[in-house]
Amino acid sequence: MTDRGSIIYVENLTVSFDGFKALDALSFFMDYGELRLVIGPNGAGKTTLLDVICGKVKPDNGRVIFGRDADISTYREHEIAQLGVGRKFQTPSIYLHHTVRENLELSLDQDKSVWAMLFRQLSSTERDRLDEILAMIGLAEKPHQIAASLSHGEKQWLEIGMVMAQDAQLLLIDEPVAGMTDYETEQTGLLLQAIAKERSVLVIEHDMQFVRQIANKVSVLHEGRLLCEGSVDEVQNNEQVMEIYLGRG
Ligand code: ADP
Ligand code: MG
């Protein structure tokens with residue numbers, strides 16, 4: 001949106017598992033305010049890329065530059081989260097026995113214990129922010145519902161809301177629409193587009209209909225490398241991409 005350079009820039013990243021290169025000298029960047037889709041066959045290294053950016057996996061080689069910060073590839077996960085990188089995993093990690101609103105409250109301040117968070121008074125700014133997030137994730141009518149009783153799609157939205165409540169500037173979202181109904185999938189697309197008006201969003205997804213719904217720019221990963229980037233039409237018409245997906249060769 002604004003010309004502030006890249007929010008995330010990974011350079012020459014290599015990650016090996018027992019000698020197998022999940023990422024192979026990968027370089028990748030995205031701009032502030034982008035909603036970027038990363039696609040690629042199973043095993044391409046997509047989840048590993050997110051794992052490195054959020055600090056869960058340490059690369060053998062390469063750098064991860066977040067905004068104007070230094071190389072964060074050696075930082076610990078909670079330090080990276082505090083800088084403004086939020087991760088949403090494939091399986092929602094919400095507090096099932098707490099209400100929707102409590103889950104969001106618990107994400108407001110990652111330093112506090114669950115106990116301290118649930119018994120402190122929220123400021124009016126924080127309350128307004130939670131209301132805004134509840135509306136965005138489509139759960140404004142269900143703040144007091146126990147998270148365990150939400151539908152699969154609603155749990156996914158709640159966790160996206162929790163990443164927003166952390167005030168992440170870069171959201172990393174792994175396969176959000178897997179297992180969702182068509183309606184939930186479409187709503188998720190609208191939600192991610194709304195989030196990308198204020199933040200940067202990196203989404204991994206297989207569902208090409210969903211990718212087509214929301215993507216401006218798509219990056220294709222294959223065997224730990226960036227195969228190509230472009231609009232949905234450009235990547236779908238790319239000769240090498242067609243070969244991979246059609247399993248030729
Ligand atoms: P994708 O998300 O694109 O399907 P991943 O990043 O999960 O791919 O995995 C890339 C490759 O690295 C796969 O071959 C996978 O088996 C391997 N891999 C990922 N994580 C680990 C791990 N913790 N230990 C060993 N191998 C792993
Ligand atoms: Mg994956």
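Here, residue 1 is the first one in the sequence, and each next residue gets the next number. Predicted model, so just to flag it, every value in this text is computed and none were measured. Counting starts at 1 for both ligands and their atoms, in listed order.
Here's the thing with A22: none of its N/O atoms is less than 3.5 angstrom from an N/O atom of ligand 1. Geometrically, ligand 1 and D18 share no nitrogen or oxygen pair separated by less than 3.5 Å. Geometrically, ligand 1 and A44 share a nitrogen or oxygen pair separated by less than 3.5 Å.
Enclosure of atom CG in D182 is not indicated, since only 12 or fewer non-hydrogen atoms of other residues, nucleotides or ligands lie within 6.0 angstrom. More than 12 heavy atoms of other residues, nucleotides or ligands sit less than 6.0 Å from atom CD of E77.
Residue contact check: F20 has heavy atoms under 4.0 Å from atoms 11 (C), 12 (O), 14 (O) of ligand 1.
For the pair G40 and ligand 1, no heavy-atom separation below 4.0 Å is found.
Under a 3.5 Å cut-off, the side chain of D24 and the backbone N or O of R225 do not form any donor-acceptor pair.
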Derivation of the side-chain contact (heavy atoms from CB on, under 4.5 Å) call for E239 and M242: CA-CA 5 Å; E239 189 74 24; M242 289 197 285; 4.1 Å; yes
Let's go through L26 and L226 carefully: what are the C-alpha distance in whole Å and the side-chain angles of both, what is the deciding distance for side-chain contact (heavy atoms from CB on, under 4.5 Å) to 0.1 Å, and is it a yes or a no? CA-CA 6 Å; L26 173 72; L226 197 58; 3.9 Å; yes
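The Mg ion (ligand 2) does not have T48 among its coordinating residues (no N/O/S atom, backbone or side chain, under 2.8 Å).
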